[in-house]
Amino acid sequence: MFMENTRNYISRCLSALLSEHGITDAVVSPGSRNAPLLVALSRNENIAMHVVVDERSAGFIALGMALTQGRPVALVCTSGTALLNYAPAVAEAYYRRVPLIVISADRPKEWIDQDDSQTIVQPEALSNYVKRSYNLPVDCSKADRWFANRSINDAILTAVSGRQAPVHINIQLGEPLGALSDFSGEVFRSIQLIDPAATLSTARSRELGRTIASPRKVMIVAGFLRPDKTLNRALNRLAALPNIVVLTETISNLHGNAFVDCIDSALSSLAPYTIEEMRPDVVITLGGALVSRHIKQFLRNNPPQEHWHVGISRTTIDCFMSLTTRIEMSPEIFFPLLASAMQPHTASCDYARQWSVVKNRALSLRQAFTARAPWSDFKAFGTLIPMIPRGWNVHYSNGTSIRYAQIFGEHSYHRCECNRGVSGIDGCTSTAIGASIAYKSGVTLLITGDMSAQYDIGALACSHISPRFKMIVISNGGGGIFRFIHSTRSLDILEECFCVNNTMLPFRELAAGYGFEYMEAENEQDLRDVFPRFRDIADRPAMLVIKTPAEESAVVLNSFFERT
């Protein structure tokens with residue numbers, strides 16, 4: 001049966017154009033000023049609405065959904081500070097190159113700064129973290145409607161073209177907000193974009209191939225990426241060459257037997273006298289910001305002759321202080337062309353073999369260290385990671401969780417993620433929950449620390465949490481990273497101001513209150529015993545809390561990196 005729609009033209013236009021451009025999900029938060037937007041979206045049978053009360057969590061849930069689906073998600077809030085609560089998630093999405101359509105309801109412009117309710121300045125509020133901001137007027141004239149239609153089309157196309165990123169649409173809405181009428185049969189103009197992908201000529205590809213041909217030592221370093229089979233195949237072809245080594249981070253979502261996928265373990269095992277011979281002549285980087293401080297330190301201290309960065313960037317990225325070439329192309333297009341252009345090597349080089357020796361030695365050392373390590377964060381991760389089923393999506397929180405994942409490497413999960421665009425601990429749980437809503441084919445697992453879990457505990461109140469969502473909390477007294485890093489570990493206020501280990505969350509009670517199955521492990525055998533039950537729960541979300549000693553965990557981790 002047909003339902004009446006909002007009288008507000010711009011809200012109806014926005015709802016229709018979102019689905020015309022292939023957007024199927026909107027994460028919305030309640031309010032009065034955004035009532036016309038929520039009514040219009042609720043009338044659109046092609047858009048699923050996910051209501052999340054807390055805008056801070058809503059932003060990250062939308063991020064997780066967009067990451068997993070590979071298409072934009074709309075994010076809708078009311079006026080006032082609701083919009084400002086989106087800022088951390090929008091900043092993360094901006095640096096992760098994830099398109100979000102951020103939509104904020106606003107008061108008519110004549111009421112802004114007039115000491116009326118929720119009348120803050122909203123246009124451009126997120127301007128540093130969106131590709132473009134749009135401010136739509138109150139729906140009045142034919143010209144206003146044409147402007148709104150054009151702007152909404154432009155916003156969605158801007159978000160998904162070139163370097164993908166969020167956009168912000170601010171919509172001024174006047175009274176009456178809840179008025180409804182019959183608008184059946186409306187058609188709104190949808191503008192399409194044909195954006196031909198950049199490519200390289202055969203001659204240019206061969207020229208670049210000759211530049212990095214043997215015996216030049218070439219290191220390819222991959223930061224965070226979305227899974228892509230074409231890119232993965234191309235990098236495996238390059239890694240088969242004797243002068244090329246491919247180093248992949250845990251969240252690069254790249255897999256290959258020849259890849260060095262345990263960067264931190266490998267680099268920390270290098271003896272000082274081998275550093276010079278392991279220095280590359282050419283470094284080629286792709287993907288987002290790197291987790292590994294070891295690779296950044298290694299290449300800054302031992303700069304290559306050339307550094308190419310491949311990717312569609314908003315600016316010149318020179319993380320190793322040695323950039324020589326910026327290749328403004330998608331890695332998924334560039335590396336297959338480069339791999340096809342590489343000629344059979346005519347000069348001998350054993351650079352790839354040298355790194356293979358380093359990798360195998362590092363794995364042996366790590367295995368031996370793990371076997372004799374006492375119960376600690378290190379032991380827990382070393383026990384846990386090999387037990388995780390390959391078909392799961394795994395999200396790590398920031399702090400020590402992602403760093404332990406880097407140590408153990410060899411991840412061949414369906415997908416591996418961490419909020420490394422900005423690297424904040426806020427929103428890690430919400431992002432994983434959003435991803436689990438979108439990943440309907442399997443389990444999404446979040447591995448987080450107790451401080452990160454506490455920061456985003458409100459996410460567990462989300463009514464859309466899937467029974468496919470699982471959460472592991474490493475409970476080590478909070479702030480384990482501060483006991484490890486040089487800048488804080490020796491401070492006399494460490495426990496009081498950084499680790500705040502006097503704040504212990506009642507995880508068992510929280511799990512019960514939010515409808516999670518709850519389990520605990522306090523040693524290696526506990527973990528091995530409980531994990532199969534945790535793995536097999538299918539009718540509700542599950543939480544596993546692994547309790548580890550705080551100070552001993554920091555000692556063990558420092559010992560691992562100082563072992564050479």
Side-chain angles (χ1 to χ4, degrees), residues 1-53 55 58 61-62 65-66 71-80 82-83 86 100-109 111 117-118 122-123 134-157 159 167-192 463-464:
M1 186 177 75
F2 178 78
M3 299 176 66
E4 291 184 319
N5 208 333
T6 175
R7 288 186 190 174
N8 182 263
Y9 173 88
I10 293 177
S11 297
R12 300 195 311 272
C13 179
L14 174 69
S15 174
L17 290 180
L18 287 173
S19 55
E20 282 290 324
H21 285 279
I23 296 170
T24 60
D25 292 271
V27 178
V28 307
S29 297
S32 59
R33 186 58 47 172
N34 62 342
L37 293 165
L38 300 191
V39 169
L41 288 169
S42 72
R43 290 343 188 224
N44 190 330
E45 62 183 15
N46 297 314
I47 293 180
M49 285 178 60
H50 309 271
V51 181
V52 180
V53 174
E55 286 88 2
I61 287 174
M65 295 179 69
R71 60 177 177 269
V73 169
L75 193 55
V76 183
C77 70
T78 195
S79 57
L83 172 64
Y86 282 162
L100 296 178
I101 313 300
V102 181
I103 302 156
S104 56
D106 199 0
R107 303 292 171 121
K109 63 181 180 181
W111 285 106
S117 175
Q118 295 181 329
Q122 293 182 198
Y134 302 81
N135 186 34
L136 305 187
V138 173
D139 174 7
C140 293
S141 67
K142 183 178 179 180
D144 290 334
R145 295 184 176 195
W146 165 77
F147 174 69
N149 178 283
R150 186 194 78 200
S151 297
I152 294 166
N153 273 289
D154 186 69
I156 299 170
L157 295 176
V167 293
H168 174 209
I169 305 172
N170 187 66
I171 303 176
Q172 299 172 33
L173 294 167
E175 299 287 351
L177 297 171
L180 304 177
S181 292
D182 183 352
F183 295 98
S184 58
E186 270 188 311
V187 177
F188 298 91
R189 179 181 55 139
S190 173
I191 301 171
Q192 302 303 309
S463 61
H464 303 283

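Quick caveat, the model's predicted, so the values are computed rather than measured. We count residues from 1, following the sequence as given.
- Judged purely by distance below 3.5 Å, without hydrogens or angles, the side chains of D144 and S141 pair a donor atom with an acceptor atom.
- Judged by distance alone, the side chain of Q122 and the main-chain N or O of A105 form a donor-acceptor pair under 3.5 Å.
- Side-chain atoms of N170 and S104 form a donor-acceptor pair, as typed in the model, at a separation below 3.5 Å.
- Between the side chain of Q172 and the backbone N or O of K109, at least one donor-acceptor pair lies under 3.5 Å.
- Using modelled atom types, one finds no donor on one side chain facing an acceptor on the other under 3.5 Å when comparing R12 with N5.
- Residues R7 and S181 bring a donor and an acceptor atom of their side chains to less than 3.5 Å of each other.
- Just one of T78, L173, V28, T6 meets the side chain to side chain contact (heavy atoms under 4.5 Å, CB included) condition when paired with L37; it is L173.
- If you take CG on L18 and CG on L41, they are separated by 6.5 Å, rounding to the nearest 0.5 Å.
- Ring-centre distance between Y134 and F147: not below the 6.0 Å cut-off.
- When all heavy atoms are compared, the tightest approach of A155 to I169 is CB-CD1, 3.7 Å.
- In plain terms, the two heavy atoms of Y86 and V102 that are nearest each other are CD1-CG1, 3.7 Å.
- Between atom CD1 of residue I23 and atom OG of residue S15 there is a gap of 10.5 Å, rounded to the nearest 0.5 Å.
- Taking all atoms of both residues into account, the shortest heavy-atom contact from G174 to R33 is CA-NH1, 4.0 Å.
- Heavy-atom neighbours of E45 CD from other residues, nucleotides or ligands within 6.0 Å: at or below the threshold of 12.
- For the atom pair NE2 of H464 and CE of M49, the computed distance is 9.0 Å after rounding to the nearest 0.5 Å.
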